[in-house]
Amino acid sequence: MTTESDVAYAHQPGGLLKDKVAVITGVGAAGTIGAVTAAIFVQEGARVLAADISGAQKETALSLGPAAAPFQVDITREEDVETMFAHAVETFGRVDILVNVAGNPGGRRGPEVTVEEFESLTTVHLLGTLLTNKHAVRVMAPAGGGAIVNFSSAASFNIDERISMAYSAAKSGVNSLTKSVAVLQGAQGIRANAVAPSHQASRSARRISECRPRP
C-alpha cells in the first residue's frame with residue numbers, strides 16, 4: 001500500500017508532459033488518486049482540467065496554480081461529459097490526454113448485493129468510462145490523436161472477499177471497453193490503456209479494509 005508521501009520519481013520532474021492538455025476525472029480532495037495524478041501532471045508541465053462531482057475539485061485545482069482549472073461533472077450524464085470536453089477545448093485549446101479516475105466504492109458481497117448497488121457501480125464505472133472515452137475520441141481524433149488512461153482495479157482480475165462482485169464485474173467491463181477503444185481508435189492515433197491499482201491509502205480503501213470477510 002502506498003501513500004502520497006511514498007511517490008518517488010526516477011527523474012527530475014518538470015518536462016514529460018510539457019504543453020500537453022489533460023482532462024482528469026475523479027480529482028476530489030487532496031490525497032485521492034485523482035488529485036495526486038493531477039498534481040503529478042502539473043509538475044510534469046501539463047495543463048489540467050480537474051473534474052469531479054464532489055465540489056472538492058475547486059480547492060484542489062486552486063492549489064495547483066494557473067495550470068489547472070476545475071470543472072463540476074457527473075460522468076454518468078452525457079450532457080455533462082460533452083460539456084466538460086467542450087470546456088477543456090475552450091479553456092486550453094485542445095485535449096491530448098484523458099485520465100478517467102472517477103468511480104465509487106461499495107456494494108455488498110456475494111448474494112447480498114442489491115440491484116440498486118449493481119446499477120450504481122456499473123453506471124459510474126462502466127457507463128461513465130464509455131461516455132468519457134466516447135467524447136475524448138470526438139475531440140482527439142480531429143486533432144490527430146491522443147492518449148486515454150482508464151482506471152480499472154486489481155479486483156477485475158483477482159477476487160477479494162472484501163470486494164463486491166458487482167464492483168469487480170464493473171471494473172472487468174472497464175478492461176474490455178479499454179481494449180475496444182484501443183483497437184477501434186488506434187488508426188486515428190488514439191492510444192487507450194487501463195491501469196489496475198490495488199488498495200490505496202484512501203478513506204474508501206480503509207473502509208473496505210476494515211470489513212471482515214463473511215463466510
Side-chain angles (χ1 to χ4, degrees), residues 4-5 7-103 128-152 178 181-182 185-186 188-195 197 200 202:
E4 187 175 358
S5 62
V7 176
Y9 298 96
H11 65 285
Q12 292 298 316
L16 283 180
L17 300 172
K18 182 175 172 56
D19 297 327
K20 298 295 184 181
V21 175
V23 171
I24 305 178
T25 70
V27 181
T32 60
I33 293 176
V36 173
T37 301
I40 292 172
F41 270 55
V42 169
Q43 288 174 9
E44 293 296 343
R47 291 170 290 166
V48 172
L49 189 72
D52 199 47
I53 195 173
S54 69
Q57 73 279 355
K58 295 178 182 179
E59 184 175 345
T60 300
L62 183 63
S63 72
L64 297 177
F71 189 84
Q72 184 94 16
V73 66
D74 178 349
I75 63 167
T76 70
R77 294 171 54 87
E78 185 160 21
E79 57 268 36
D80 276 23
V81 175
E82 185 173 14
T83 301
M84 176 179 69
F85 280 98
H87 184 72
V89 172
E90 180 181 355
T91 303
F92 297 119
R94 65 183 191 278
V95 175
D96 301 298
I97 303 164
L98 165 66
V99 184
N100 193 49
V101 183
T129 300
L130 172 66
L131 294 176
T132 53
N133 282 229
K134 170 183 174 179
H135 288 281
V137 167
R138 286 187 171 183
V139 299
M140 289 177 180
I148 294 173
V149 180
N150 294 318
F151 267 69
S152 178
T178 304
V181 173
Q185 308 304 327
Q188 295 177 293
I190 296 173
R191 306 185 310 279
N193 291 278
V195 295
Q200 305 296 308
S202 64

OG1 on T83 to CD on E78, rounded to 0.5 Å: 10.0 Å
Nearest heavy atoms of A88 and L49, plus distance in Å: CB-CD2, 3.8 Å
L98 vs F85 side-chain heavy atoms within contact, under 4.5 Å: yes
Separation between CD1 of I190 and CG of D96, rounded to the nearest 0.5 Å: 11.0 Å
Residue pair A29 / A35: nearest heavy atoms and the distance that separates them: O-CB, 3.3 Å
Nearest heavy atoms of A56 and G28, plus distance in Å: CB-C, 3.7 Å
I148 side chain reached by V181 side chain, heavy atoms, under 4.5 Å: yes
Donor-acceptor contact below 3.5 Å, side chain Q57 vs main chain A50: no
Polar contact flag, side-chain donor to acceptor under 3.5 angstrom, N100-T129: yes
Flag side-chain contact, heavy atom, 4.5 Å: M84 against H135: no
Lys/Arg N to Asp/Glu carboxylate O, K20 vs E44, below 4.0 Å: no
Beyond-backbone contact of I24 with V27, side-chain heavy atoms, under 4.5 angstrom: yes
Closest non-hydrogen atom pair, T32 against G26: OG1-O, 4.2 Å
CA sep, side-chain torsions, deciding dist, call: V73, T132, side-chain contact (heavy atoms from CB on, under 4.5 Å): CA-CA 11 Å; V73 66; T132 53; over 6 Å; no
Min side-chain heavy-atom separation T60-D52 under 4.5 Å: no
Minimum-distance pair of heavy atoms, taken over all atoms of A61 and A69: CB-C, 4.0 Å
Between OG1 on residue T25 and CZ on residue F151, distance to nearest 0.5 Å: 9.0 Å
More than 12 heavy atoms from other groups under 6.0 Å of CZ on R191: no
Side-chain heavy atoms of R47 within contact of R94, under 4.5 Å: yes
4.5 Å side-chain heavy-atom contact, F41 and L64: no
Run the side-chain donor-acceptor check on residues 136-147: report pairs under 3.5 Å with partners two or more places apart or on a different chain.
none

Nearest-0.5 Å distance, CD of residue E79 to CG of residue D74: 8.5 Å
Derivation of the side chain to side chain donor-acceptor pair (under 3.5 Å) call for N150 and N193: CA-CA 6 Å; N150 294 318; N193 291 278; over 6 Å; no
